[in-house]
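The structure under discussion appears below in the form of structure tokens.
Chain letters run A, B, ... following the sequence lines, proteins first and then strands; every chain starts at 1. Below, each value reflects all heavy atoms present in this structure, side chains not excepted, and no hydrogens, waters or symmetry copies. As the structure is a prediction and not an experimental result, all values here were calculated from the model.
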Amino acid sequence: MTVRVQTEDFDAGAEILRLRQNDPRIGAVASFIGLVRDINEGESVAGMTLEHYPGMTEKALAAIVEEAKRRWDIYGAVVIHRVGLLKPTDQIVLVAVTSAHRGEAFAACEFIMDYLKTQAPFWKKEETGAGARWVDARESDDQAARRWE
Amino acid sequence: MTVRVQTEDFDAGAEILRLRQNDPRIGAVASFIGLVRDINEGESVAGMTLEHYPGMTEKALAAIVEEAKRRWDIYGAVVIHRVGLLKPTDQIVLVAVTSAHRGEAFAACEFIMDYLKTQAPFWKKEETGAGARWVDARESDDQAARRWE
Amino acid sequence: MVTLLYFARLRETLGLPSEEVELPAGVATVEGLTEWLRRRGGAWAEELAPVKPVRVAVNQEMAAPQTALADGDEVAFFPPVTGG
Amino acid sequence: MVTLLYFARLRETLGLPSEEVELPAGVATVEGLTEWLRRRGGAWAEELAPVKPVRVAVNQEMAAPQTALADGDEVAFFPPVTGG
């Protein structure tokens, strides 16, 4: 189980390869990449700054991954989340999960993303045409997380 | 929308990068890799041969991707499926889907895999300790596909 | 003439990957063609028995027992698929 | 002493990222500490008003209003999270 918070970009393909290789029990790898879009809530976005709570962030992500491991029969998982200044098309987050069968890998990967969105202490501040603004939490993200209760 | 059936291995990271890059509308990439396991139905597996129906396979995969595009607001998708001789830890299939938000990408990616498993004309023959055997279709795969009806 | 294709376990047990046949008189559907093949006996009767989960595609699209056949069609017989 | 941390919009509107304070007499919970900070008035009263969706973590774990506080704790205040 790997959790990293970093300013540098990541190589999603290399991370997935590292997670899956040399383990012949693995039949499924589900993964997710989140990217910066150039538009949000109807405003064009030139870039964003991702702030986080060092120390708590890593603990929160590790706890989410542990919970996924408790709920599903998964072999490995990697979560990488970037902080700092990002621009449209930049990678924000990678979540990848391995398991024997695809159902577990898909569920655990989506669960980790839904919980990360509502539990891990990250905050986005966008640069828009109308100035800088803190992104508001979305009700749809709370709903997505509640599906797993 | 890219659909390929090939004997060669694929570079999942490069395929995902090609699918997502330079499109600032994309906020989410969900992807799945299927791998050969060294055990199936309790028997150790030394390798497998994947047979398919050339012509129909590509059409069936393209139709599944089109159906996903009709159901969800997705921007792009790639499906690569290998045929021929494969051994444990080898990649079998890649499905990757891009969209603005993660819900659509996850759903479309899992839908494509579930339909591929039950609709696309591929057949696996495994080499086990007890000799070669054609893999039986799994009821759980039919159930997974019926979720989307 | 119609082209008949056999895949996977069916290809092996029937002993051939494909053949060309004249659409027999009175055979107008997938069901009729399957019944006609069954009358060859032996592996044909056994593998194409109604209890067997055989799938049929006509011109590379999944077909039903009532799907109509015409001269020039490509008709494929195969077991339930197991890719992915 | 307890360490208070402020993140994101709260850090900006309150004008500081952190401070060290003596746990005030009679303050034993997250709710009590929040009420005490509110009494500073101005941005404090406004940003920590009960209607605001402020989240609190104690020693880097999400806390509830009734979570107990002790000397040496790290208490963080922040808006609902928006990562991913």
Side-chain angles (χ1 to χ4, degrees), chain A residues 3 5 32-37 40-41 48-64 79-84 86 91-95 109-126 132-142 144-145, chain D residues 1-21 29-31 33-34 37 42-84:
Chain A
V3 165
V5 179
F32 178 83
I33 301 169
L35 303 161
V36 181
R37 294 184 304 136
N40 191 28
E41 311 269 322
M48 65 166 62
T49 305
L50 257 151
E51 179 172 331
H52 79 124
Y53 180 173
M56 179 172 169
T57 317
E58 294 80 355
K59 282 184 198 171
L61 294 175
I64 293 166
V79 177
I80 303 174
H81 201 298
R82 294 177 69 192
V83 291
L86 299 174
Q91 298 185 116
I92 304 170
V93 61
L94 170 72
V95 174
C109 186
E110 196 163 10
F111 168 87
I112 291 171
M113 272 308 301
D114 286 347
Y115 268 51
L116 183 157
K117 281 263 183 187
T118 54
Q119 314 261 322
F122 293 102
W123 301 274
K124 286 176 183 153
K125 188 176 191 177
E126 292 175 340
R133 66 178 182 192
W134 288 99
V135 173
D136 281 326
R138 297 173 60 188
E139 172 55 23
S140 60
D141 286 329
D142 288 331
Chain D
M1 301 288 277
V2 290
T3 303
L4 306 187
L5 303 176
Y6 308 103
F7 288 99
R9 190 172 43 74
L10 277 179
R11 176 178 50 72
E12 289 189 346
T13 49
L14 299 178
L16 79 177
S18 68
E19 60 182 315
E20 304 269 321
V21 300
T29 63
V30 163
E31 194 168 38
L33 179 63
T34 309
L37 289 169
W44 298 87
E46 198 172 308
E47 291 296 331
L48 300 178
V51 297
K52 291 287 178 113
V54 176
R55 302 287 185 265
V56 183
V58 175
N59 298 327
Q60 307 190 349
E61 303 249 356
M62 291 307 299
Q66 298 311 316
T67 300
L69 296 181
D71 195 51
D73 280 351
E74 176 176 297
V75 187
F77 297 79
F78 46 79
V81 303
T82 57

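Chosen from A:A60, A:A63, A:G34, A:G55, the residue pairing most often with chain D at heavy-atom distances under 4.5 Å is A:G55. Listed options A:K125, A:R82, A:M113 were ranked by heavy-atom pairs under 4.5 angstrom with chain D; first place goes to A:K125.
Judged purely by atom type and a 3.5 angstrom limit, A:H81 uses its side chain to pair as donor or acceptor with the backbone of D:G84.
In this structure, A:M56 and D:E61 have side chains that are not in contact, with every pair of non-hydrogen atoms separated by 4.5 Å or more. In this structure the side chain of D:F7 never reaches within 4.5 angstrom of the side chain of A:P121, judged on heavy atoms. Using a 4.5 Å heavy-atom cutoff, the side chains of A:W123 and D:V81 are in contact.
In this structure, D:T82 and A:D136 approach most closely via the heavy-atom pair CG2-C, 3.8 Å.
Contact of A:K117 with chain D is made through backbone and side chain together, with heavy-atom distances under 4.5 Å. If you measure heavy-atom distances from D:R11 to chain A, the contacts under 4.5 Å come from the side chain alone. Both the backbone and the side chain of A:K124 come within contact range of chain D, each with at least one heavy atom under 4.5 Å from a heavy atom of that chain. Heavy atoms of D:P53 lying under 4.5 Å from chain A are absent altogether. Neither the backbone nor the side chain of A:D142 comes within contact range of chain D; no heavy atoms are under 4.5 Å apart.
The CZ atom of D:R55 sits 9.5 Å away from atom OG1 of A:T118, with the distance rounded to the nearest 0.5 Å. How far CG of D:L5 is from OH of A:Y53: 4.5 Å, rounded to the nearest 0.5 Å. Here D:Q60 contributes atom CD and A:E58 contributes atom CD; the two are 8.5 Å apart, rounded to the nearest 0.5 Å.
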